[in-house]
Amino acid sequence: MVKVRFARCDICPLVDRPLVHGQKGRRKNLVLIGEAPGYEEVEGGVPFIGKAGVKLAEILDVLNCNKNDLYISNSCLCHPVNEDGENRAPTQEEVGCCNERLLKSLEALKPTLVVALGMTAYYALTGNKIDKFSPVVGKVAKTKNGFSMLPTYHPAAGLRNRAYLPLMKRDLELALSIVEGVVNVN
Ligand code: SF4
């Protein structure tokens, strides 16, 4: 069964889980990629509308950017849960099954910059397995398929550790400067 073009749902452990498509905002130059949908996203049918999404919107508002204007999606489109039915991060296997779909979506949009929200998105976009996220945060790199990418903390991590929130704001401000041509990364 293939739920989305270019996805390997036939071998994906999440094949029977609900799917949430990306938010297609009017701006295509800046794309945000997270982990996977949670219960609130499944209910609303849109990524990043739970507490983490509200925090993301708050930070973007301060930077004069409306979250609804952006293209926002996830490393995996389907909702992963643990044995107790709680939200969990997707595994590397699940990320791998959904990866060509993610990379093809970037190739269709051709964004100036992709922001990787958290280590799962960083892995999905680069293929690099890292033990510590902090050394790569805020440093522009390239996705597997050659797009400029800026890793920053996932807003859910910012809610758990508020010390990450100013770093997220710093990185999103840099991201907006890059797509507006104020800062050149090429
Ligand atoms: S997460 Fe991706 S690959 Fe897995 S079932 Fe959902 S759409 Fe298919």
Side-chain angles (χ1 to χ4, degrees), residues 1-25 27-28 30-57 67-68 70-111 113-131 133 136 141-160:
M1 173 191 179
V2 176
K3 296 162 92 173
V4 191
R5 266 185 99 203
F6 304 118
R8 291 300 314 270
C9 311
D10 55 326
I11 55 166
C12 181
L14 299 178
V15 67
D16 295 325
R17 301 294 306 153
L19 180 149
V20 178
H21 285 286
Q23 168 187 287
K24 295 181 172 64
R27 289 177 73 153
K28 302 214 169 20
L30 180 60
V31 169
L32 271 50
I33 302 295
E35 282 184 352
Y39 278 106
E40 283 156 307
E41 285 75 22
V42 169
E43 197 179 332
V46 186
F48 280 94
I49 55 168
K51 283 190 191 120
V54 170
K55 180 50 72 182
L56 177 65
K67 171 174 158 277
N68 295 332
L70 302 178
Y71 186 100
I72 306 179
S73 192
N74 278 308
S75 303
C76 283
L77 291 183
C78 298
H79 177 207
V81 287
N82 64 19
E83 287 174 358
D84 298 324
E86 297 160 340
N87 293 334
R88 65 163 172 82
T91 64
Q92 290 186 348
E93 178 191 5
E94 291 156 358
V95 167
C97 292
C98 219
N99 203 237
E100 193 178 349
R101 183 276 317 160
L102 172 66
L103 298 176
K104 293 278 189 198
S105 71
L106 296 181
E107 286 158 22
L109 288 165
K110 300 189 178 19
L113 186 74
V114 185
V115 172
L117 295 167
M119 201 147 87
T120 299
Y122 177 83
Y123 169 68
L125 290 164
T126 65
N128 297 338
K129 296 179 186 177
I130 52 174
D131 295 327
F133 190 46
V136 302
K142 291 282 183 194
T143 67
K144 283 179 199 178
N145 53 351
F147 293 96
S148 294
M149 179 205 57
L150 182 67
T152 193
Y153 293 101
H154 192 286
L159 290 174
R160 287 192 297 272

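Atoms within a ligand are numbered from 1 in the order they appear, just like the ligands themselves. Please read all numbers here as calculations on a predicted model, not as lab measurements. FYI, side chains are in, hydrogens and waters are out, and symmetry mates aren't considered; it's all heavy atoms of this structure.
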Hey, is there an N, O or S on Cys98 sitting under 2.8 Å from atom 6 (Fe) of ligand 1?
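No, Cys98 does not qualify, because none of its backbone or side-chain N, O or S atoms lies under 2.8 Å.
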At under 4.0 Å between heavy atoms, what of Cys9 touches ligand 1? The answer is both
Which ligand 1 atoms are under 4.0 Å away from a heavy-atom of [X]?
| X | answer |
| --- | --- |
| Cys97 | 3 (S) |
| Leu77 | 1 (S) |
| Ala7 | 3 (S), 8 (Fe) |

Search all heavy atoms of Pro37 against all heavy atoms of Asn74 and return the closest pair with its distance.
N-ND2, 3.7 Å
Shortest non-hydrogen contact from Ser75 to Gly34?
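Heavy-atom minimum between the residues: OG-O, 2.7 Å.
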Closest protein heavy atom to [atom], given as residue, atom name and distance to 0.1 Å:
| atom | value |
| --- | --- |
| atom 6 (Fe) of ligand 1 | Cys78 SG, 2.3 Å |
| atom 5 (S) of ligand 1 | Val15 CA, 3.6 Å |
| atom 4 (Fe) of ligand 1 | Cys12 SG, 2.4 Å |

Can Arg88 and Glu94 be counted as an ion pair, charged N to O under 4.0 angstrom?
yes
When you measure from the centre of the six-membered ring of Tyr71, is the NZ or CZ of Lys24 closer than 6.0 Å and no more than 45° off the axis?
no
Is it true that the side chains of Lys144 and Asn99 contain a donor and an acceptor less than 3.5 Å apart?
yes
Does Lys67 reach the main-chain N or O of Phe48 with its side chain, forming a donor-acceptor pair under 3.5 Å?
yes
